[in-house]
Amino acid sequence: MRAIEVREFGGPEVLVPAEVPEPVAGAGQVVVGLEVADVIYLDTLLRSGWGGEIFPVRPPYVPGQGGAGTVLAVGEGVDAAWAGRRVAAPASAGYAQQVAEVAEIAAVPDALGPAEAAALLHDGTTAVRLARAGQPREGETVLVAAAAGGAGSLVLQLARDAGARVIAAARGERKLALARELGAEHSVDYSEDGWQDRVREAAGGDGVDLAFDGAGGELGRAAFGAVARGGRFVTYGTSDGGFAEIDPRAAAERDVRVTNLLEGGPPPAAVSRAALVEALDLAAAGRIRPVIGATYPLARAEDAHASLARRATVGKSLLVV
């Protein structure tokens with residue numbers, strides 16, 4: 001079958017088309033024929049050699065974390081009723097025509113197509129978990145940094161749905177316009193000096209009640225500075241070169257609760273699946289919608305990664321298998 005391989009760590013150019021053996025469903029597994037593969041920022045980090053202590057991948061390997069498609073075969077111990085069903089399937093080696101994985105799959109509601117389901121596979125799961133961690137509430141002011149990203153655009157909608165006033169931070173007018181379209185009351189370009197001061201002003205002067213940081217690094221630390229005393233700060237981003245490392249003393253002095261959603265590595269599969277089911281149901285009900293900014297043929301995975309590296313992607317990138 002067709003797939004993409006990483007034969008050595010490096011830039012987007014190390015993603016090369018390959019022919020690999022078709023997977024076989026082992027005990028507790030299913031084989032899914034993918035229609036659309038998800039592309040997430042973590043894929044680009046792993047391809048470059050980052051994070052080996054948490055995500056032990058070694059070349060040669062097929063990158064990717066799954067997608068959406070149809071169950072082709074079920075292994076021993078899996079309910080045969082899954083065969084032929086449309087599913088969102090988290091799986092390793094996702095840049096391929098087929099994947100086999102432990103059966104932590106979720107049925108795709110009839111109202112959603114494969115692209116929407118694939119777009120929600122990880123970012124929808126992350127957004128639901130972020131909302132649970134931050135608990136935005138009616139009347140609160142919420143900052144969403146990296147608000148035009150796959151997860152950021154969804155957590156923005158979840159905060160809006162909870163009745164919060166959302167301030168969106170992103171880079172460039174195209175991304176800020178999208179954030180306003182999704183329901184942000186205010187938008188701030190975080191490539192400009194002093195952007196966090198404008199966030200505090202938009203929040204009434206004291207700062208926001210809650211900040212979701214999808215950028216990390218220095219931008220994430222600046223977002224932390226925009227949180228009011230007694231507020232909450234939830235970080236999950238690494239696009240600025242690493243997590244936002246917050247001094248515990250600084251957090252304690254301002255009584256700010258800091259949560260790093262990814263600090264402990266991936267959550268248990270059952271936790272992820274429950275969040276995925278919730279995200280799919282929310283989208284099917286029209287309460288959130290994934291923003292799909294670009295789709296590429298599987299053979300052009302290199303282009304998808306290059307666009308992410310340039311920060312040119314608005315919303316989700318997907319590979320059409």
Side-chain angles (χ1 to χ4, degrees), residues 35-44 64-68 88 94 108-109 111-131 134 136 142-162 164 166-191 212-215 236-239 261 275-276 278-296 300-301 303-320:
E35 295 180 57
V36 182
D38 190 14
V39 178
I40 60 176
Y41 193 74
L42 175 62
D43 297 340
T44 72
Q65 313 297 320
V108 176
L112 300 181
E116 291 81 7
L120 291 165
L121 178 61
H122 293 99
D123 287 337
T125 299
T126 298
V128 166
R129 294 181 59 228
L130 285 167
V142 176
L143 168 65
V144 180
S153 61
L154 291 167
V155 79
L156 185 164
Q157 295 173 69
L158 290 171
R160 176 211 64 199
D161 197 51
V166 178
I167 302 171
R171 188 183 304 270
E173 178 54 29
R174 186 166 66 115
K175 295 182 178 181
L176 295 175
L178 170 64
R180 292 191 295 270
E181 177 190 334
L182 294 175
E185 292 190 18
H186 300 275
S187 58
V188 177
D189 191 326
Y190 62 20
S191 67
F212 292 103
D213 162 41
Y236 65 101
T238 57
S239 62
L261 193 73
L276 172 58
E278 183 174 345
L280 292 168
D281 287 345
L282 286 167
R287 292 173 60 186
I288 61 173
R289 68 173 177 90
V291 177
I292 300 171
T295 58
Y296 302 84
R300 289 179 54 201
D303 294 340
H305 279 223
S307 180
L308 284 174
R310 295 194 306 271
R311 299 182 180 177
T313 303
V314 176
K316 282 296 303 176
S317 291
L318 300 171
L319 300 177
V320 178

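All of these numbers come straight from a predicted model, not from anything done at the bench.
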From CA spacing to verdict: side-chain contact (heavy atoms from CB on, under 4.5 Å), Leu154, Leu282: CA-CA 11 Å; Leu154 291 167; Leu282 286 167; over 6 Å; no
Test side-chain contact (heavy atoms from CB on, under 4.5 Å) applied to Leu143 and Val188, step by step: CA-CA 10 Å; Leu143 168 65; Val188 177; over 6 Å; no
Asp123: partners by side chain to side chain donor-acceptor pair (under 3.5 Å), with sequence neighbours left out: Lys316
Pair Leu120-Leu112, side-chain contact (heavy atoms from CB on, under 4.5 Å): steps then yes or no: CA-CA 10 Å; Leu120 291 165; Leu112 300 181; 4.2 Å; yes
Side-chain touch Ile288/Asp161, heavy atoms, less than 4.5 angstrom: no
Sidechain-backbone polar pair: Arg160 side chain, Glu185 backbone, donor-acceptor under 3.5 Å: no
Contact check, side chains of Asp189 and Glu173, non-hydrogen atoms, under 4.5 Å: no
Val291 and Leu182, any side-chain heavy atoms less than 4.5 Å apart: yes
Nearest heavy atoms of Ala117 and Ala68, plus distance in Å: CB-CB, 3.9 Å
Check: Gln65 main-chain N/O paired with His122 side-chain donor or acceptor under 3.5 Å: yes
Check against side-chain contact (heavy atoms from CB on, under 4.5 Å), Asp38 and Leu318: CA-CA 5 Å; Asp38 190 14; Leu318 300 171; 3.9 Å; yes
Nearest atoms (heavy-atom pairs only) where Ala145 meets Tyr236: O-OH, 4.4 Å
Main-chain N/O of Asp303 paired with Ser307 side-chain donor or acceptor, under 3.5 Å: no
NE2 on His186 to CG on Leu176, rounded to 0.5 Å: 13.5 Å
Heavy-atom pair of closest approach, residues Pro136 and Phe212: CD-CZ, 4.2 Å
Least distance between heavy atoms, Val39 atom then Asp43 atom: CA-OD2, 3.7 Å
Interatomic distance, Leu308 atom CG to Leu42 atom CG [nearest 0.5 angstrom]: 11.5 Å
Where Ala275 and Arg129 come nearest, the two heavy atoms and their spacing: CB-CG, 3.9 Å
Heavy-atom closest contact (Ala131 atom, Val155 atom, distance): N-CG2, 4.4 Å
Atom pair OG (Ser317) and CD1 (Ile40), whose distance is rounded to the nearest 0.5 Å: 12.0 Å
Spacing of Leu130 atom CG and Leu156 atom CG [to the nearest 0.5 Å]: 12.0 Å
CG on Leu261 to OG1 on Thr126, rounded to 0.5 Å: 6.5 Å
Polar side chain donor-acceptor pair, Ser187 to Arg180, under 3.5 angstrom: yes
Ser153 side, atom OG; Glu181 side, atom CD - distance, nearest 0.5 Å: 10.5 Å
